[in-house]
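Single-structure report; data block below.
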Amino acid sequence: MAHTPRMISMTGFGQGSASDARGTATVQISAVNNRSLAIHLRSDLHDLALEETVRQELKAAVARGSINAQVSWLPVRALSADPGRLDELEHAWRELAARAKSLGAPVPALEVVAAAPRGARAAGPGGGARPPPPPPRQGAGETVEPLLRVALAQALEGLRGMRAREGAALARDIAAHARELRHLHSGMRAAASGRTAAYRDSLATRLREVLQGQAAVTPEHLVRELALHAERIDVSEELVRLAAHLEALDTLIASRDELLGRKLEFLLQECGREVNTVGAKANDAGLTALVLEAKYAIEQMKEQVANIA
């Protein structure tokens, strides 16, 4: 039974929240491409131990990519102490939701809006700016942590799901380019094998034109020149190595391993090296055209592989 490939994209988004009588913990995670793992955490917890917990969970869940995580805690007292704030929050949330939908971005959760600083637009009595909701007090981390872990787990689950779906789409596209590259490899072998005979006929014709009947074109002359030419244009070793790289590429694409990006990058680099050498030795319009198509296919694959974790 064939295995389903499990390529994982480096891009994705996930969010989660958990509430109880004390308040609401919210986590939003977005990920984009990066050569290694970089975690950027923004938090209003004001609790270094909890923030480190979030960092460690992210490191355990994500091996590669640039991760932006937003962690918020909204105590119930932040709203209950100011009933008029509810109307203000609803209005602000509706405005942000409309704008997010117009941009195709995720709609922010109400608790995220509530946890954001109000700034100069939210003036309190006397015209002064109201401060953001107070952070958890000393010792509150112990009560916040269970909710935070639930919200974080939800966000990571959403992130993994999106990365898996995008990875599956990338795998299909990369596999299609790999099939095209294998087809071009077969064409290059056929084109390369016919070059010596074509060169022999062309060389004999040119020699007859140059000599103009003053001397006979002997087979010895042709054989010696053909041997030198064949050595200069021989690409058999390059095509054998390219075939081996393509076999390894097919194996990786079908692999169940999740961390394939670096391996695929290396293989494509080696494929490009062999194709470039074939192009340098081509000396044939048909073979050169195939080399150019192969280079384009490899570049297309490199662009997609750059998104693979």
Side-chain angles (χ1 to χ4, degrees), residues 3-18 24-45 50-73 93 96-97 99-113 115-116 147-178 252-266 268 300-309:
H3 292 302
T4 302
R6 291 190 62 186
M7 286 188 189
I8 302 297
S9 170
M10 278 192 281
T11 60
F13 176 82
Q15 63 181 349
S17 63
T24 300
T26 302
V27 178
Q28 290 187 335
I29 305 172
S30 61
V32 295
N33 299 354
N34 198 53
R35 294 293 298 174
S36 57
L37 177 63
I39 296 176
H40 309 281
L41 177 63
R42 291 179 297 170
S43 167
D44 61 11
L45 295 177
L50 276 182
E51 291 173 2
E52 182 60 25
T53 296
V54 174
R55 289 181 184 276
Q56 293 303 321
E57 291 288 338
L58 291 172
K59 286 181 180 180
V62 182
R64 189 180 177 200
S66 180
I67 309 300
N68 289 285
Q70 173 71 58
V71 178
S72 302
W73 168 249
W93 179 82
L96 287 174
R99 187 173 182 184
K101 288 180 179 179
S102 68
L103 296 174
V107 176
L110 178 59
E111 55 268 22
V112 175
V113 178
L147 292 177
L148 177 62
R149 287 188 176 277
V150 172
L152 180 59
Q154 291 175 1
L156 285 173
E157 182 179 1
L159 177 69
R160 282 191 288 260
M162 181 175 289
R163 283 160 64 101
R165 289 190 296 273
E166 291 192 7
L170 290 172
R172 289 191 294 270
D173 189 72
I174 292 171
H177 285 304
L252 271 185
I253 292 173
S255 172
R256 292 285 291 171
D257 294 341
E258 291 189 356
L259 303 179
L260 300 176
R262 294 187 186 279
K263 295 177 183 179
L264 288 169
E265 287 174 357
F266 172 77
L268 290 177
Q300 291 291 102
M301 294 174 74
K302 284 182 178 179
E303 290 183 7
Q304 299 293 49
V305 166
N307 298 306
I308 299 297

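Note that this is a predicted model, so its numbers are computed, not measured.
- No more than 12 heavy atoms of other residues, nucleotides or ligands lie within 6.0 Å of CD in Glu157, so this atom counts as exposed by the packing criterion.
- For Val150, the side-chain contact (heavy atoms from CB on, under 4.5 Å) partners are Ala18, Gln154, not counting sequence neighbours.
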Side-chain atoms of residues 160-167: list all donor-acceptor pairs with protein atoms under 3.5 Å, sequence neighbours left out, distances to 0.1 Å.
{"unit_1": "Arg163", "atom_1": "NE", "unit_2": "Ser9", "atom_2": "O", "d": "3.3"}
{"unit_1": "Arg163", "atom_1": "NH1", "unit_2": "Met10", "atom_2": "O", "d": "2.9"}
{"unit_1": "Arg165", "atom_1": "NH1", "unit_2": "Gly161", "atom_2": "O", "d": "3.4"}
{"unit_1": "Glu166", "atom_1": "OE1", "unit_2": "Ser9", "atom_2": "OG", "d": "3.2"}
{"unit_1": "Glu166", "atom_1": "OE1", "unit_2": "Thr11", "atom_2": "OG1", "d": "2.4"}

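- Side-chain contact, Gln300 with Gln304: no donor N or O sits under 3.5 Å from an acceptor N or O.
- Residues that satisfy the side chain to side chain donor-acceptor pair (under 3.5 Å) test with Arg149, not counting sequence neighbours, are Glu57, Glu145.
- Atoms CG and OG1, on Leu147 and Thr26 in that order, are 10.0 Å from each other to the nearest 0.5 Å.
- When each of Leu148, Leu50, Asp44 is tested with Val71 by the rule side-chain contact (heavy atoms from CB on, under 4.5 Å), just one qualifies, namely Leu148.
- When the side chain to side chain donor-acceptor pair (under 3.5 Å) test is applied to Arg55, no partner is found at least two apart in sequence or on another chain.
- The closest side-chain donor-acceptor pair between Gln28 and Gln70, if any, does not fall under 3.5 angstrom.
- Shown here are the salt bridge (Lys or Arg N to Asp or Glu O under 4.0 Å) partners of Arg172, two or more places apart in sequence or in another chain: there are none.
- Here the closest non-hydrogen pair linking Thr24 and Ser17 is CG2-CB, 4.3 Å.
- For the pair Arg35 and Glu265, the salt-bridge criterion is met [side-chain N within less than 4.0 Å of a carboxylate O].
- Interatomic distance, CG of Asn68 versus CG of Leu41, reported as 9.5 Å (0.5 Å rounding).
- By the side-chain contact (heavy atoms from CB on, under 4.5 Å) test, Leu259 is found to be paired with Ala63, Ala309, residues two or more places apart in sequence or in another chain being considered.
- The CD1 atom of Ile67 lies 7.5 Å from the OG atom of Ser30; values are rounded to the nearest 0.5 Å.
- Residues Ile174 and Met7 are in side-chain contact: their nearest non-hydrogen atoms beyond the backbone lie under 4.5 Å apart.
- Dense packing is recorded around CZ of Arg262, with more than 12 heavy atoms of other residues, nucleotides or ligands lying under 6.0 Å away.
- Around NZ of Lys263, the count of heavy atoms belonging to other residues, nucleotides or ligands within 6.0 Å does not exceed 12.
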